[in-house]
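Below is one structure, written out as structure tokens; the observations come after it.
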Protein chains: 2
Amino acid sequence: MIDRKPDNSRLPTLADVASRVGVSTATVSRCLNEPDRVIGATRERVMAAVRELGYSPNFGARALAARRTNTVGAVIPTMENAIFARGLQAFQEELGENGITLLVASSSYRADLEEEQIRTLAARGADGMLLIGYDRDPAIYSFLKRQGIPVVIAWAHDPRAGVASVGFDNYRAMKALAHAVISRGHSSLGIVSARQAGNDRARERVRGIVDAAAQAGLGSDRVHIVETSYGIDEGAQAFEALMSRENRPSAVMCGNDVLAVGAIGRARELGLDVPLDVSVTGFDDMELAKLSFPPLTTIHVPHRRMGQEAARLLMSTAKTGSENSNILLETEIRLRGSLA
Amino acid sequence: MIDRKPDNSRLPTLADVASRVGVSTATVSRCLNEPDRVIGATRERVMAAVRELGYSPNFGARALAARRTNTVGAVIPTMENAIFARGLQAFQEELGENGITLLVASSSYRADLEEEQIRTLAARGADGMLLIGYDRDPAIYSFLKRQGIPVVIAWAHDPRAGVASVGFDNYRAMKALAHAVISRGHSSLGIVSARQAGNDRARERVRGIVDAAAQAGLGSDRVHIVETSYGIDEGAQAFEALMSRENRPSAVMCGNDVLAVGAIGRARELGLDVPLDVSVTGFDDMELAKLSFPPLTTIHVPHRRMGQEAARLLMSTAKTGSENSNILLETEIRLRGSLA
DNA sequence: TTGTATGCGTTATCAC
DNA sequence: GTGATAACGCATACAA
């Protein structure tokens, strides 16, 4: 526990500013919140005093009295890599322009931690919340509803879910990529996926590949799936596991770019040429993808756009109370050197 | 602005729990904060009511009354890449074990935004704060001191600064790497640095290279510096700028791994072989480094250790009020394929 | 062990 | 346009 260092000189409060200027606390409060409603002359004097004293309003007290925090929370699976960084940055920027602060927490892809973080953010008075994907205990949704906290789901799209969302069709995107891979003659596919349990995005992506394979007449024995957690090393290991099977896939499709880059690295270590010996694909089109050698064939996701729209949606959802706005963004295949 | 959806069923408060159980609010409060001080039987009934009502304490009110938030803030330059992610993760874990929540904000490497974030975190009642590097307006330090908020600086080490810190010697680390580069016969160096103004880490690193070059008898005309902002594309452009000068450096030392990876990528696009045509080095030893092709020669920084120590230091600094604990961590050169 | 009462710093309602 | 003053939800010193 952290105890504040005993501080003899108490922090300046609204009352301090007020008494110094010789006005009431109400006036000072107004100067800060609705400057128009106070006459120019007094406002100047108040603001001067604010600066001199280094006054800064107490957030907790303000939230308590105003029953609003101008804060929204976001719980993302991880901060360890840049997957969510760009989208979140855009989200934050859009909120910032509207005077709203963003609080970010990460769940490490664990449902229990996510729930804890959500409750923490709610207790901190978040006026709204951004969550990634749909999969979670329904109790969480009803908790949020009881609290009157509007929610927006990002990175996924399911109009039937009854929650506002902005995202893309993970299934369709990955299926299209799988078609592209198969049409190049690959008849044995490897899949490196994040754990599918509790992760609708991962599940939809795998389903996309499996369906594409089935439609192309590839038996289920031609599709090998390995689940792992997101991470470069994990991708590398999963890739190696796939390559050491009896009938090696000629193309390995990864659930995201981080896994794919790990796979490519391991291929090099194993003396396998990408894409001559084995093709590799990713998902996300992070900066990493263009930079990898060979550059990564992947699905481009409009992360910035998604973050921005999520912010707008959250603000309007909060205003109107409508819970069923769903924005579908288009993804795009980016063909690069890792696929032959 | 976000207005909470008008919620007819007010959230349960301490008083609701109390009246339902038939005890005083004080007892309920104690059940939550010091369970030992209340007898088993009543505690059970209280906790049951808490669950039934879905009660969750109001953070603002609690902070207001207790004058403590069990929250610490961290302002990092960027979340866009993983430079600070690992250290921060460890920082958070260590804090979490002690029941403390971490609030993260990013400054985009801008001094004005950093100051704003610091004030915001202070207003939110942060009991302590983690900042990166020393360089900032002295007014900020005195503001924090007035607020009684203990500070720990990370990613840098300067015992004379009079602030608690845990970090490494950026100057010495980079100087050692420069020696390694020069000893391999490179007599013309390029430097791709972050902007040095307001960034002591960047400045120290450049100074390390420059001093090493001088000690090796390389004139200042043999050291070319380009400043840019951190980013893969930025690294690529800076690298290209260096390579298009009349006397091309044979080795380009970058201020961090992100820049270096960008440089290597651009080298490939320009048809330059790394390391045959030009050597490239980084700083940080992110996951990226091993994965780059060729793998990156860089400085290994014990990020996790740094985050963990920072958390401990912050907690003990808060307890003891001692402001001048400085922990120096050792870095290590990692020689890999990008340097010949 | 439990209850009472006060105060935390701000906003908002209502007078003036 | 400005000033009193009552909430806001909780923790805590003190009393019982």
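Protein chains get the first letters and strands the later ones, always in sequence-line order, with residue 1 at the start of each.
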Tabulate below the donor-acceptor pairs under 3.5 Å that side-chain atoms of residues 47-55 of chain B make, not counting sequence neighbours, or state none.
{"unit_1": "B/Glu52", "atom_1": "OE1", "unit_2": "B/Arg20", "atom_2": "NH1", "d": "2.2"}

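- Looking at A/Gln117, its side chain does come within 3.5 Å of a backbone N or O of A/Ser106 through a donor-acceptor pair.
- A distance-only check finds no donor-acceptor pair linking the side chain of A/Asp127 to the backbone of A/Val72 [under 3.5 Å].
- Rounded to whole Å, atom P of D/dC10 lies 11 Å from atom CG of B/Asn33.
- From one end of the helix from C/dT1-D/dA16 to C/dC16-D/dG1 to the other, with five pairs defining each end axis, the axis direction shifts by 30° (rounded to 10°).
- Only A/Tyr55, A/Pro57, A/Asn58, A/Ala61, A/Arg62, A/Ala65, listed by number, bring a heavy atom of residues 52-65 of chain A to less than 4.0 angstrom from any atom of DNA chain C.
- Nucleic acid contact class of A/Leu14 (heavy atoms, under 4.0 Å, all strands): base.
- Straight-line distance from the CZ atom of B/Arg67 to the C1' atom of C/dG9: 10 Å, rounded to whole Å.
- Between the CZ atom of B/Arg124 and the P atom of C/dC8 there is a distance of 23 Å, given to the nearest Å.
- Although no hydrogens or angles enter the test, the distance criterion places a donor-acceptor pair under 3.5 Å between the side chain of B/Arg43 and the main chain of B/Pro35.
- The side chain of B/Ser29 contributes an N or O atom lying less than 4.0 Å from OP1 or OP2 of D/dA11.
- Pairs of residues two or more places apart, or lying in two chains, that qualify as ring-ring contact (aromatic ring centres under 6.0 Å, His included) and include a residue from residues 98-129 of chain B are B/Tyr109-B/Tyr230.
- In this structure, the side chain of B/Gln308 does not engage the main chain of B/Glu94 through any donor-acceptor pair within 3.5 Å.
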Open item on the list: Could you go through A/Glu115 and A/Arg136, starting from their C-alpha distance and side-chain angles, then the distance that decides it, and tell me whether this counts as salt bridge (charged side-chain N to carboxylate O under 4.0 Å, His left out)?
Closed with: CA-CA 9 Å; A/Glu115 176 163 356; A/Arg136 56 183 59 81; over 6 Å; no

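- The local environment of CZ in A/Arg312 is crowded, with over 12 non-hydrogen atoms from other residues, nucleotides or ligands closer than 6.0 Å.
- Looking only at distances, a side-chain donor or acceptor of A/Thr317 sits under 3.5 Å from a matching main-chain atom of A/Leu313.
- In this structure, B/Leu32 atom CG and D/dG9 atom C1' are separated by 13 Å, rounded to whole Å.
- The side-chain heavy atoms of B/Arg124 and A/Leu103, taken from C-beta on, include a pair separated by under 4.5 Å.
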TODO: Can you check each nucleotide of nucleotides 1-6 of chain C against protein heavy atoms at under 4.0 Å and return B for base, S for sugar-phosphate only, - for none, in 5' to 3' order?
DONE: SBBB--

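- Annotation: side chain to side chain donor-acceptor pair (under 3.5 Å) contacts of B/Asp200 (sequence neighbours excluded): none.
- Taking side-chain N and O atoms only, A/Arg45 has no distance below 4.0 Å to OP1 or OP2 of D/dT2.
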